[in-house]
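Chain naming here is simple, since letters A, B, ... match the order of the sequence lines and numbering starts at 1 in each.
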2 protein chains.
Amino acid sequence: MIVILLYLTCFNFNTMEKLIHSIRITINDKLYLKDPESSNLGKRIVGESILMINDIGFESFTFKKLGKKIGSNESSIYRYFENKHKLLLYLASWYWGWLEYQLVFATNNIPDPGHKLERAIEIMTRATEIDLAFTHINEVLLNKIVINEYSKSYLTKEVDQENKDGYFVIYKRLVNRMSQMISEVNVNYRYPASLASTIIEGTLHQYFLIDHFASLTSCDNKNTPTEYFKHLAFNTLNKNI
Amino acid sequence: MIVILLYLTCFNFNTMEKLIHSIRITINDKLYLKDPESSNLGKRIVGESILMINDIGFESFTFKKLGKKIGSNESSIYRYFENKHKLLLYLASWYWGWLEYQLVFATNNIPDPGHKLERAIEIMTRATEIDLAFTHINEVLLNKIVINEYSKSYLTKEVDQENKDGYFVIYKRLVNRMSQMISEVNVNYRYPASLASTIIEGTLHQYFLIDHFASLTSCDNKNTPTEYFKHLAFNTLNKNI
DNA sequence: CAAATATAATAGTATTACTATCATATATAG
DNA sequence: CTATATATGATAGTAATACTATTATATTTG
């Protein structure tokens with residue numbers, strides 16, 4: 001019995017590992033000049049830029065500083081990314097793609113729309129934890145970057161052109177998935193897309209407020225954004241969980 | 001009869017004019033070196049910066065360009081504002097102060113908490129219109145700046161220090177007013193501050209989406225953000241309007 | 001009219017966000 | 001095993017930005 005259990009555990013572990021390591025988040029290839037996943041240097045650029053942007057903020061972050069930190073050269077980094085704006089878009093796309101994967105995985109087999117939406121809100125609003133499947137990326141810090149910097153990636157004069165070029169597809173797909181799930185709970189609700197975008201963007205904002213403007217939020221360790229948004233969504237949709 | 005009516009109209013117009021022109025939006029004096037309201041040049045700096053930021057975006061906006069536009073000198077603008085970041089904080093404070101004034105004015109004498117909150121949401125979410133009381137400021141364009149640039153004023157590494165220095169007091173007071181009105185409608189609701197910040201920040205976001213990511217919002221000319229947020233708030237609070 | 005104050009003009013600095021060129025290291029193909 | 005392609009590193013250079021400093025000239029005020 002013990003042997004079988006151990007065997008199964010071992011089997012599950014290995015298959016899970018293989019499955020996990022075969023997952024790749026696909027990002028619009030216009031966002032980079034050379035795929036950073038294709039080399040060690042590329043992975044270090046991505047991995048260390050997350051630490052550095054988190055550390056000094058996107059405004060102070062430069063390719064020169066990053067080069068120094070990873071023992072490489074400014075000019076080498078420019079061979080991967082045109083500029084730091086595109087690197088930010090790349091990081092954000094990765095983050096939203098990673099979240100999307102979790103969303104789809106977690107809600108896939110839930111038949112009841114109410115339960116499905118509940119689970120979806122939990123995934124989208126929970127505190128981020130490290131994912132061992134991606135060793136070069138610190139998801140916790142990446143989440144912080146998205147909270148602190150994501151708006152800057154679309155609050156630009158170039159947003160419409162970049163939107164046309166598909167720089168925000170993953171994010172848009174994610175909001176649309178949420179929107180659909182909302183409609184499945186209440187077909188008559190007139191604002192599914194707005195509620196979806198409010199939850200996703202609002203989650204980032206509430207986490208920011210917890211850290212910097214505690215008086216502007218009712219959320220903290222006890223009252224989580226998850227509870228807030230679940231209450232908000234289901235009361236708005238006139239459905240009890 | 002006609003004479004009296006005309007007289008009353010005239011009287012009301014004059015008193016209203018006086019009242020209106022005696023209103024000043026008070027802004028933290030650490031945000032400027034010299035009060036821009038105190039001179040013609042100061043007003044031109046504020047007025048034209050609104051047009052210019054709106055036109056080319058905050059990133060491309062510089063004091064040098066502004067100087068050229070208003071026929072003044074870069075160095076003269078630096079005598080009013082330390083840098084463009086503080087100018088943005090000044091403009092944003094002015095905007096939120098202006099909105100706060102309207103909020104207080106419009107909700108002042110409403111005894112019923114439900115009606116009061118409804119009116120408050122209308123004020124906070126409606127499309128901006130020109131206010132003749134402030135000739136040097138284009139409120140419609142300022143609203144657009146707040147939509148497109150406000151996040152950048154607090155998504156910085158200096159936010160905690162600047163918050164301590166009171167750079168965001170007006171905004172915080174506004175959110176707190178909304179929060180209190182929400183609590184008055186339903187004392188048992190556990191997330192009044194979060195709902196208030198969601199409505200105020202969410203309004204900016206929904207207007208941005210209407211302009212740039214129409215598929216991510218359910219709002220447009222017919223379904224207004226006002227209707228969306230009124231529905232959201234009152235259903236969440238389990239009160240019918 | 002003198003003195004104070006506001007504004008303008010000019011110059012200068014460190015940093016940023018690149019581009020260009022050339023050198024060297026490493027991988028790969030024949 | 002070598003030729004060659006490819007990746008990376010080093011260095012230099014440019015225009016623009018975000019200022020600071022100084023001096024000159026208007027304009028206001030006492």
Side-chain angles (χ1 to χ4, degrees), chain A residues 29-49 52-53 55-91 136 149 152-153 155-158 162 167, chain B residues 29-49 52-53 55-91 136 149 152-153 155-158 162 167:
Chain A
D29 58 18
K30 283 183 190 165
L31 286 178
Y32 49 78
L33 295 168
K34 183 181 172 177
D35 185 2
E37 298 273 344
S38 71
S39 75
N40 180 270
L41 179 60
K43 283 176 190 161
R44 265 157 57 225
I45 290 171
V46 169
E48 293 290 319
S49 71
M52 199 168 191
I53 292 171
D55 201 30
I56 64 175
F58 187 66
E59 273 69 44
S60 302
F61 169 82
T62 70
F63 281 179
K64 195 166 197 169
K65 290 177 188 169
L66 180 62
K68 203 168 187 182
K69 196 184 177 189
I70 64 177
S72 176
N73 198 276
E74 193 188 6
S75 60
S76 301
I77 299 169
Y78 274 107
R79 283 201 195 86
Y80 284 84
F81 294 99
E82 270 178 71
N83 49 53
K84 68 175 181 172
H85 172 66
K86 289 211 173 173
L87 170 59
L88 179 60
L89 286 167
Y90 178 91
L91 294 177
H136 67 298
E149 322 286 359
K152 299 170 193 168
S153 78
L155 295 177
T156 68
K157 281 284 161 185
E158 296 78 32
E162 293 188 350
Y167 294 1
Chain B
D29 58 18
K30 283 182 189 163
L31 286 176
Y32 49 78
L33 297 169
K34 183 182 172 175
D35 184 2
E37 298 274 344
S38 71
S39 74
N40 178 270
L41 178 62
K43 282 177 190 162
R44 264 156 58 223
I45 290 171
V46 169
E48 292 291 319
S49 71
M52 200 167 188
I53 292 172
D55 200 33
I56 65 176
F58 188 67
E59 273 66 46
S60 301
F61 169 80
T62 71
F63 282 179
K64 196 166 196 170
K65 290 177 188 169
L66 180 61
K68 203 169 186 180
K69 197 185 178 190
I70 63 177
S72 175
N73 199 275
E74 194 188 7
S75 59
S76 303
I77 299 169
Y78 273 106
R79 282 201 197 84
Y80 283 85
F81 294 100
E82 270 180 69
N83 49 53
K84 68 176 182 173
H85 172 65
K86 291 215 171 169
L87 171 59
L88 180 60
L89 287 167
Y90 177 92
L91 294 177
H136 66 297
E149 322 286 0
K152 298 171 193 168
S153 78
L155 295 176
T156 68
K157 280 283 162 185
E158 296 78 31
E162 294 189 349
Y167 294 2

**OP:** Could you check whether A:Phe81 gets within reach of a base, just the sugar-phosphate, or nothing at all, counting any heavy atom under 4.0 Å?
**Re:** nothing

Subject >> Straight-line distance of A:Arg79 CZ to A:Ser39 OG, nearest 0.5 Å >> reply: 12.0 Å

**OP:** Take B:Asn83 and B:Arg79, find for each the nucleotide of DNA chain D with the closest heavy atom, and name the residue whose nucleotide sits nearer the 5' end.
**Re:** B:Asn83

Subject >> Nearest-angstrom distance from the residue atom CZ of B:Arg44 to P of C:dA6 >> reply: 16 Å

**OP:** Could you tell me whether B:Lys64 contacts a base, only the sugar-phosphate backbone, or nothing, with contacts defined as non-hydrogen atoms closer than 4.0 Å?
**Re:** nothing

Subject >> Point-to-point distance, once rounded to the nearest 0.5 Å, from CD1 of B:Ile56 to OG1 of B:Thr62 >> reply: 6.5 Å

Original post:
Going by heavy atoms in the side chains, are A:Glu149 and A:Leu91 under 4.5 Å from each other?
Top reply: no

Original post:
Should the pair A:Phe58 and A:Phe61 be assigned to parallel (<30°), tilted (30 to 60°) or perpendicular (>60°) ring geometry?
Top reply: parallel

Original post:
Is atom NZ of A:Lys64 surrounded by more than 12 heavy atoms (other residues, nucleotides or ligands) closer than 6.0 Å?
Top reply: no

Original post:
Whole Å only: how far is the CD atom of A:Glu82 from the C1' atom of C:dC18?
Top reply: 11 Å

Original post:
Does B:Glu59 pair with B:Lys152 as a salt bridge, N-O distance under 4.0 Å?
Top reply: yes

**OP:** For C:dT16, take OP1 and OP2 only and decide whether either is under 4.0 Å from a side-chain N or O of A:Lys65.
**Re:** yes

**OP:** Please name the residue in the list A:Lys86, A:Glu162, A:Glu158 that meets the side chain to side chain donor-acceptor pair (under 3.5 Å) test with A:Tyr167.
**Re:** A:Lys86

**OP:** Whole angstrom is fine here: how far is it from CZ in A:Phe63 over to P in C:dT19?
**Re:** 11 Å

Subject >> Whole angstrom value for the distance that separates P of C:dA27 from CG of A:Asn40 >> reply: 11 Å

Original post:
Quick one: does A:Leu41's side chain get under 4.5 Å of A:Tyr80's, heavy atoms only?
Top reply: yes

Original post:
Hey, does the side chain of B:Lys34 come within less than 4.0 Å of C:dT7's phosphate (OP1/OP2), counting only N and O?
Top reply: yes

Subject >> Atom-pair distance (CG on A:Leu41; P on C:dA25), nearest Å >> reply: 17 Å

Subject >> First and last nucleotide of DNA chain D, 5' to 3', lying under 4.0 Å from heavy atoms of chain A >> reply: D:dA7 to D:dT11

Subject >> Pairwise side-chain contact, B:Val46 with B:Pro36, heavy-atom cut-off 4.5 Å (strictly under) >> reply: yes

**OP:** Name every residue in residues 68-78 of chain A that has at least one heavy atom under 4.0 Å from any atom of DNA chain D, in order of residue number, or write none if there are no such residues.
**Re:** A:Gly71, A:Ser72, A:Asn73, A:Ser75, A:Ser76

